[in-house]
Amino acid sequence: MDLLVYSHWYTEVQWVKWARSARDEIPAGKTTMLVEAHWRVLKRIHLHHHNRPRTDYLVFIMISRQCRRLILSFNQKVAERRVVPSWENEFRAEWRKLNDLQIDDDRNELYQVDVERWVCSCPYFIHNRFLLCKHLVNGGHGYGNSVGLLQPRRYLITRKQAPPYIQLIHVQQRYEQKYICEG
């Protein structure tokens, strides 16, 4: 059996199909991880008295209770911005620190900065957790208040797997599309 698997799946052609290294993007989450987390919530919150629930009852619980809970949680956290993610405070602190740094005029021409795609060729950008550097922060003067600082809950900070890696969306721009359908 091992020889069969080795001879058919460990070839160069098959490697691209199943290997994790064949992805161009940074994976945000694995499918089984998300399904297991969802099932754990269902078992601990809604099905703690039912060892093996029937399928119709399970679907009823998922639609009537869990979906309602998820929609309410989404509207509070994302749409109304009542709760900000834990990394957002650290992002704003890093932005504040980089905003205070001065940029040398002659060194600014050394690096290629593209604020639209949110990329910079400086070494700090590559090693930074949030893909920030002083060139991008000072180049993106349209963000923040009058001194360039990001205010809490004014911007929705989205991180992506492909350029632009960071997008700052002003809350007033997305006010009309704030809530998802609850029907």
Closest approach of F91 to I157 (non-hydrogen atoms, all atoms of both residues): CD2-CD1, 3.4 Å
From I63 atom CD1 to R65 atom CZ, the distance as rounded to the nearest 0.5 Å: 13.0 Å
Nearest non-hydrogen partners of R117 and P163, listed with the distance: NH2-CG, 3.4 Å
Heavy-atom donor-acceptor pair, S121 side chain to Y111 backbone, under 3.5 Å: no
Donor-acceptor pairs under 3.5 Å, side chain of residues 42-62 to any protein atom, not counting sequence neighbours: which ones?
unit_1: H46; atom_1: NE2; unit_2: Q66; atom_2: OE1; d: 2.9
unit_1: H48; atom_1: ND1; unit_2: I45; atom_2: O; d: 3.2
unit_1: H50; atom_1: NE2; unit_2: Y57; atom_2: OH; d: 3.3
unit_1: R54; atom_1: NE; unit_2: D56; atom_2: OD1; d: 3.3
unit_1: R54; atom_1: NH2; unit_2: D56; atom_2: OD2; d: 2.9

Single-linkage hydrophobic cluster, 4.5 Å side-chain cutoff, I126 and I166 together: yes
Flag side-chain contact, heavy atom, 4.5 Å: W118 against V113: no
Shortest non-hydrogen contact from Y124 toward C133: CD2-CA, 4.0 Å
Atom pair CG/OG1 of L168 and T158 - distance to nearest 0.5 Å: 7.5 Å
Backbone of W95 reached by a side-chain donor or acceptor of N99 within 3.5 Å: no
Residue pair C120 / H135: nearest heavy atoms and the distance that separates them: SG-ND1, 3.7 Å
Spatial distance of atom CD (E94) from atom CZ (F130) [nearest 0.5 Å]: 7.0 Å
Cation-aromatic face contact R92/W87, 6.0 Å, 45 degrees: no
Shortest non-hydrogen contact between L132 and L98, atoms and distance: CB-CD1, 3.6 Å
CA sep, side-chain torsions, deciding dist, call: L131, R159, side-chain contact (heavy atoms from CB on, under 4.5 Å): CA-CA 10 Å; L131 298 175; R159 299 192 286 185; over 6 Å; no
Pairs touching residues 121-133 that satisfy salt bridge (Lys or Arg N to Asp or Glu O under 4.0 Å), sequence neighbours left out: E90-R129
Spacing of CG belonging to N138 relative to CG belonging to L101, to within rounding of 0.5 Å: 8.0 Å
Closest contact, heavy atoms only, E116 versus P164: O-CB, 3.6 Å
